[in-house]
Novice: 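The following block contains the structure, expressed as structure tokens.
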Amino acid sequence: MGLAKTITDGYKDHVAEVQQRWEKALQAEGYDAVLIHAGSKLASFLDDYEYPFRCNPHLLWWAPLTSQHDSALLVRPGHRPKLYYYQPDDYWYLPPADPDSWWANEFEVVPVRDIEAWKQAGINTQTAYIGDAASLAESVGAEQLNPTRLVNRIHLERTRKTAYEIACIAEAARLGAIAHTAAEQGFREGLSEYDIHQRYCMSIQLVDAELPYGNIVALNDHGAVLHYQAHEQTVPAEVRSFLIDAGATVHGYASDITRTYAAGTGEFADLISAMNSMELKVCDSVKAGTDYRDLHLHAHADIAGILKDFNIINSSVESAVESGLSAVFYPHGLGHYLGLQTHDVAGLIADADGTPIPRPDGHPFLRLTRKLEAGNVLTIEPGLYFIEPLLRKWRENGDVAAINWDKVEELAPFGGVRIEDNIVVTDGEPLNLTRGAFAAI
Ligand code: GLY
Ligand code: MN
Ligand code: MN
């Protein structure tokens, strides 16, 4: 599977493929049509300011309408999809620009000024409606709104990315690698978390609301807070380490990248290096047919091995995985599907009924349990952290002697290590978009 030469080159085929997958799903579930609503802007309680708009990913699958709230798409088998393109006469906010031909040529575009113009399609019991806008719920029957089996079917379809989608994610990875490089430079210069975050955004000219998720910019022990959200403006007296988990978006598609750096040489730098080798080994083993749960469990054994090599734990690798000791240091899943959503859909279901594919016992946070298929895009993101509340719990309830507490005390001020790459699954060698993007800089 090659990358599309450019994103726009692959777009026409993408739309044809999405049309075909929707037609199959509609037929299987007994619907004549589907109307996909972008969503409306959401104001905060008792105020007239709105949360940043996030478009319905089902609409983004069709077209790059990341900021076009209240647009809607009517899809009928055998017809060109019809886009009610909401373009209000507004002077409070800038209305959406006229549609760009590279994507608009694939649709029958109907520019509309009225927020409810999508109702021109006719409310029909044979139509399914996909979206979260209150206007939808008021107008259509509950059984037609986001029908579970239909949505599951489409979610499963969305796990196999087209060339256009892979090109978008690759471009998001390229931007992410540029911004990560700028952020590392900021860390080396001794900037605060806040300033590093600004460097990151500035280097790729994105504002916070355009990032796929809140940047995790963590100096020192903040790296042990898995979704650390503060951006401290003061620089710590001693800067030891830096963990950054941050991505970018292109036409709604996300990259999700983590790197960890040490300020100097020493044991923590060696730990990063060991984790990096281990992460690369897992990335290289990704291929169609593999059960992601096996990758996750192997990663636990590998991390237990690293914990032992660094004299952080005293027990055997097998017993560290068995007893839950490895999960004290590595308490999250190996990764997840990636696409229009950072944690993309259908990672845990087997079929249109939504039959769950169970997580392994003792691994409640794993987000992907499926057997991998060519065209899946996913993350590999093993981590090893010194997390005070989890260590305390082990000290109170676990085998205290299994942990070398002196070593933990030595390394805890560095926070932890996570390294995260974005991988395309193929029938042969996996395609590591993130490593490719960093190498190209
Ligand atoms: N940045 C969120 C995650 O890695 O899953
Ligand atoms: Mn991440
Ligand atoms: Mn991730």
Side-chain angles (χ1 to χ4, degrees), residues 54 57 159 161 169-170 172-181 183-184 193 196-197 200-201 204 206 208-218 222-231 241-250 252-261 272 275-276 278-280 282-283 286 292-293 295-296 299 303 327 330-348 359 363-370 372 376-385 387 415-425 430 432-435 437-438:
R54 292 260 185 171
T159 65
K161 267 56 178 177
I169 300 170
R174 189 183 74 83
L175 293 175
I178 290 170
H180 270 262
T181 304
E184 186 198 353
E193 293 170 350
I196 294 172
H197 170 66
Y200 184 96
C201 294
I204 49 173
L206 291 181
D208 282 68
E210 293 166 316
L211 298 171
Y213 53 90
N215 275 2
I216 298 167
V217 181
H222 292 159
V225 181
L226 297 182
H227 283 170
Y228 176 71
Q229 75 280 32
H231 292 150
S241 57
F242 176 43
L243 183 154
I244 174 165
D245 182 342
T249 51
V250 171
Y253 288 88
S255 58
D256 177 9
I257 301 169
T258 309
R259 290 292 181 267
T260 309
Y261 307 98
I272 294 174
M275 286 294 288
N276 186 55
M278 176 260 167
E279 191 261 3
L280 276 175
V282 181
C283 290
V286 168
Y292 195 83
R293 292 175 295 190
L295 292 181
H296 172 79
I303 286 175
Y330 170 34
H332 58 74
L334 178 65
H336 48 84
Y337 280 147
L338 179 69
L340 288 166
Q341 285 147 263
T342 301
H343 298 150
D344 214 15
V345 288
L348 300 162
R359 300 175 170 104
H363 298 265
F365 301 116
L366 186 58
R367 296 177 198 266
L368 177 50
T369 54
R370 288 173 57 82
L372 302 182
N376 290 166
V377 180
L378 50 82
T379 70
I380 296 292
E381 48 180 308
L384 192 169
Y385 319 84
I387 300 174
V417 182
R418 178 166 66 258
I419 297 168
E420 176 174 26
D421 286 343
N422 304 160
I423 313 289
V424 183
V425 181
N432 189 324
L433 299 176
T434 315
R435 298 283 168 163
F438 275 103

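All ligand and atom numbering here is 1-based and tracks the order in the structure. No experiment lies behind these values; they were computed from the predicted model shown.
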Novice: N/O/S atom of His336 under 2.8 Å from the Mn ion (ligand 3), yes or no?
Specialist: yes
Novice: Looking at Asp245, Asp421, Asn276, which one forms a side chain to side chain donor-acceptor pair (under 3.5 Å) with Arg259?
Specialist: Asp421
Novice: Taking only non-hydrogen atoms of His332, do any sit less than 4.0 angstrom from ligand 1?
Specialist: no
Novice: Parallel, tilted or perpendicular for His197 and His231, by the 30°/60° rule?
Specialist: parallel
Novice: Give the atoms of ligand 1, by number and element, whose distance to some non-hydrogen atom of Tyr213 is under 4.0 Å.
Specialist: 1 (N)
Novice: Aromatic rings Tyr261 and Phe242: how do their planes relate, parallel, tilted or perpendicular, breaks at 30° and 60°?
Specialist: parallel
Novice: Report the distance from atom OH of Tyr337 to atom CG of Leu372, rounding to the nearest 0.5 Å.
Specialist: 6.0 Å
Novice: What is the ring orientation for His222 with Tyr228, classed by angle as parallel under 30°, tilted 30 to 60°, or perpendicular over 60°?
Specialist: parallel
Novice: Contact between Asp245 and ligand 1, counting heavy atoms under 4.0 Å?
Specialist: yes
Novice: Is the distance from the Mn ion (ligand 2) to some N, O or S atom of Glu381 under 2.8 Å?
Specialist: no
Novice: Quick one: sort the His227 and His343 rings into parallel, tilted or perpendicular, breaks at 30° and 60°.
Specialist: parallel
Novice: Could you tell me, atom by atom, which parts of ligand 1 come under 4.0 Å of a heavy atom of Glu420?
Specialist: 4 (O)
Novice: Only heavy atoms of His343, strictly under 4.0 Å: list the atoms of ligand 1 that pass.
Specialist: 2 (C), 3 (C), 5 (O)
Novice: How wide is the angle at the Mn ion (ligand 2) between OD1 in Asp256 and OD2 in Asp245, to the nearest 10°?
Specialist: 150°
Novice: Do the two ring centres, one from Phe365 and one from His363, sit under 6.0 Å apart?
Specialist: no
Novice: Among Leu338, Asp256, Thr379, which one puts a heavy atom closest to atom 3 (C) of ligand 1?
Specialist: Asp256
Novice: At what distance is the nearest protein heavy atom to atom 4 (O) of ligand 1, and which residue and atom is it?
Specialist: Glu381 OE1, 2.9 Å
Novice: Restricting to N/O/S, name the atom of Glu420 that gets closest to the Mn ion (ligand 2).
Specialist: OE1
Novice: With heavy-atom distances below 4.5 Å as the criterion, would you say the side chains of Arg359 and Leu348 are in contact?
Specialist: yes
